[in-house]
A.B. asks: 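Below is the structure I would like to discuss, written out as structure tokens.
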Amino acid sequence: MLFTVNKSPFLFGHLDSCLQYAIKDTPILLIEDGVYAASKGTSYEKKLKEALGKFEIYALGPDLKARGIASVIDGVKIVDYAGFVDLAEKHNVAPWI
Amino acid sequence: MLFTVNKSPFLFGHLDSCLQYAIKDTPILLIEDGVYAASKGTSYEKKLKEALGKFEIYALGPDLKARGIASVIDGVKIVDYAGFVDLAEKHNVAPWI
Amino acid sequence: MANPEEIEESSDEIVKKMMFVMRKAPHGTINPYEGLEVMLIVAAYDQDLSAVFLDDGVYAIKKGQDPKEIGVKDFSTTFRVLPGYGIEKIYVEKESLENRGLTVEDLLLEVEVVDKSEVTKLMQEQDVLFPF
Amino acid sequence: MANPEEIEESSDEIVKKMMFVMRKAPHGTINPYEGLEVMLIVAAYDQDLSAVFLDDGVYAIKKGQDPKEIGVKDFSTTFRVLPGYGIEKIYVEKESLENRGLTVEDLLLEVEVVDKSEVTKLMQEQDVLFPF
Amino acid sequence: MGVKLKFGILILEGPYQHQSSDSAYNFAIAALEKGHEVSGVFLYNDGVNNATSFGDPPQDDRNVQEKWSKLAQEKGIDIVVCIAAGKRRGLIDDNLIKGTRISGLGQLTDLAISTDRLVTFGD
Amino acid sequence: MGVKLKFGILILEGPYQHQSSDSAYNFAIAALEKGHEVSGVFLYNDGVNNATSFGDPPQDDRNVQEKWSKLAQEKGIDIVVCIAAGKRRGLIDDNLIKGTRISGLGQLTDLAISTDRLVTFGD
């Protein structure tokens, strides 16, 4: 299973909720405004780093670029749309919208 | 000024954000899914009670009824649409959407 | 998840595990209603169906909803037909219920209360997840 | 807020205090863009205009946005024209900026950083609040 | 009641998907019933979808678009669809409900200037 | 690449207001480029608004509706508008983009059954 999260973690509890359902083999893909969670130096960084210790976390590169997020937290894997498709090929998708 | 909040406090940070900008003479009106915050016995009750000590908090009755919320936290004032209009008559409206 | 190649070859008798993941509150958005509509249609096909209500989704099956005064049609009681339509596996996430001060007594239909790890486990078993 | 009766009688020379309250992130929804469009039009009228960026709204004026690969037009740099259009009072809420790891150096235009109590004070002075 | 006020209403979301337009409608009706004036309703963002004449919801549910059309025609309320937002989303003269009109953001500005309160409904 | 899969796409939001339909489109293109099959796109909730033929966005911006129409026509992808959601929101035969069709939720069920993955995009 692959979780996708498309909301900013600052105003929306979607990622917090998702992290409570995640397990070792369910990667999380941040897309759209969800990619703000992968940004370095934010008040969410600590939570994301804790999550990185437990789960694989991906962020969609085109969405990072769109938002001008140049520094991404170490350990977050950046993928393009082809990488999104690869993840959806390997896993069933659970959109945490 | 009158703040209106229309999102559930459980998944959305809108009410939390609004409470940080509220001051004594800016009442807060909970409408639509915002009225869930006025419900008794939830994990948000403590925060709402603290806010009630500082600000006037209103909840839209028709939205409470729509959602089957029968027990509302003491101190929350229930108004109908006419009461919403009264509040908007007295105050400029700042929708915290 | 079944092997895709197998699915291709036996498409006449496919029975998939499909789960409705209901996370949104009623009336503020149309999601629970449109989710219910999908359930009622998918139920006519012979699939292995279930629904889980979690986060604000538990509010969708709360008793006592009456949206007349907001000008909206009540659909909540329609959730009661689900077991009769063959959707018998209906789960509610425990903490979502508790955080909202609700118990199973407050719900419109009989449900099985499960914790988060059980929800994840159930989700992992599915072929299709419908989020509403 | 001016007395409504007074407004009625002097409608030819009304100058209202109008503030754009920008709270939403760019690209996930169209809000910052459509808010900007309103600003550019309202600026043609002789009103007393200001904009405050807070919560995820600060991301709307972050430097370096490039939405080409998501197939969306970049509009962020257009925020730079605001002062030239007569919208000179541009505020950013301090904690919103800090929580996102940003400083004024990261922003596309010159802003005045204010704290929450100042935002509230500014909002209280307005006749019209446009939330985007 | 107090002084008679002029209200302007700005709607940023479409019908059915969000409750915003229902709330806006109920607010408008209550304002009128209290003797206030509703000077205009401006439809912006997905709010333009409130003005489609092609809507045909189930008989047992509300018809949001029709409610707005009736309000415009019966109470003489000026309902304006933003031309740019409408063009993007496919709301043009060909599918515009009776009683509404298409115009630019200048109309929103006028509404903000000429009313005592601008109340926004959105998501 | 691995095995060729069949993808189904479900879209719950309209164009422009949310990024969902852009993301869905980009995902569909990437899947096709990787040699997968996109068996169908189902438009539900406000997602039906992706199929309006009346859309006319600014020249310097994307035309989401047209992109879907081209995808349907050039790649033979079946794009289905939910009839009930469409009727509510004013998306009917008269304003349907080329290459798409209107049908019921049974088509979504078929898509879920016949594909290897159903991927949903919404808000």
Side-chain angles (χ1 to χ4, degrees), chain A residues 3-16 18 28-50 52 58-76 78-86 95-97, chain D residues 21-36 52-80 92-109 111 113 115-116 119 131-132:
Chain A
F3 286 108
T4 56
V5 176
N6 72 343
K7 303 277 186 315
S8 151
F10 301 106
L11 271 183
F12 300 88
H14 296 62
L15 180 54
D16 284 338
C18 175
I28 297 163
L29 172 63
L30 306 171
I31 66 168
E32 302 174 6
D33 288 347
V35 299
Y36 286 119
S39 191
K40 256 190 190 165
T42 79
S43 57
Y44 203 82
E45 187 172 24
K46 191 167 164 262
K47 269 194 190 173
L48 200 91
K49 281 183 172 167
E50 280 168 19
L52 272 170
Y58 296 82
L60 198 60
D63 277 322
L64 288 166
K65 201 170 163 189
R67 289 158 184 80
I69 303 171
S71 328
V72 168
I73 295 168
D74 294 339
V76 174
I78 300 174
V79 292
D80 58 8
Y81 287 104
F84 183 176
V85 173
D86 287 339
W96 220 244
I97 51 178
Chain D
V21 183
M22 309 294 288
R23 295 184 54 249
K24 296 183 180 173
H27 310 309
T29 70
I30 202 170
N31 287 286
Y33 174 81
E34 305 245 43
L36 175 61
V52 59
F53 294 82
L54 57 94
D55 284 348
D56 284 340
V58 302
Y59 281 134
I61 49 170
K62 191 186 175 310
K63 278 181 190 163
Q65 298 178 49
D66 180 6
K68 204 165 42 248
E69 285 177 29
I70 60 171
V72 172
K73 174 187 147 189
D74 183 39
F75 60 90
S76 64
T77 52
T78 308
F79 279 107
R80 284 191 165 135
V92 165
E93 196 277 314
K94 192 167 178 281
E95 207 179 324
S96 301
L97 204 58
E98 288 171 359
N99 284 346
R100 285 159 186 79
L102 302 175
T103 70
V104 289
E105 304 296 314
D106 297 306
L107 303 181
L108 283 158
L109 69 171
V111 299
V113 177
D115 66 18
K116 290 195 176 69
V119 172
F132 282 104

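Letters go in sequence order (proteins before strands), and every chain restarts at 1. Any value given below was found using the heavy atoms of this structure, including those in side chains, with hydrogens, waters and symmetry copies removed.
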A.B. asks: Considering only heavy atoms, which portion of D:Asp66 lies under 4.5 Å from any heavy atom of chain A: side chain, backbone, both, or neither?
C.D. replies: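 The answer is both parts of D:Asp66.
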
A.B. asks: Looking only at the aromatic ring of each residue, does the gap between the centers of D:Phe79 and D:Phe53 stay below 6.0 angstrom?
C.D. replies: yes

A.B. asks: By a 4.5 Å heavy-atom criterion (distance strictly below it), what part of A:Asp63 contacts chain D: side chain, backbone, both, or neither?
C.D. replies: both

A.B. asks: Could you pull out all residues at least two apart from A:Asp86 that satisfy salt bridge (Lys or Arg N to Asp or Glu O under 4.0 Å)?
C.D. replies: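 Only F:Lys34 meet the salt bridge (Lys or Arg N to Asp or Glu O under 4.0 Å) criterion with A:Asp86.
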
A.B. asks: Please look at D:Lys63 and chain A and tell me whether the side chain, the backbone, both or neither of the residue comes under 4.5 angstrom of a heavy atom of that chain.
C.D. replies: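 Answer is backbone: N, CA, C or O of D:Lys63 sit under 4.5 Å from chain A.
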
A.B. asks: Between D:Ser76 and chain A, which part of the residue has a heavy atom less than 4.5 Å away: side chain, backbone, both or neither?
C.D. replies: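 Contact with chain A is absent: no heavy atom of D:Ser76 under 4.5 Å.
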
A.B. asks: Taking the ring of D:Phe75 and the ring of D:His27, is the distance between their centroids below 6.0 Å?
C.D. replies: yes

A.B. asks: Among residues at least two apart in sequence or on other chains, which ones pass salt bridge (Lys or Arg N to Asp or Glu O under 4.0 Å) with D:Lys24?
C.D. replies: none

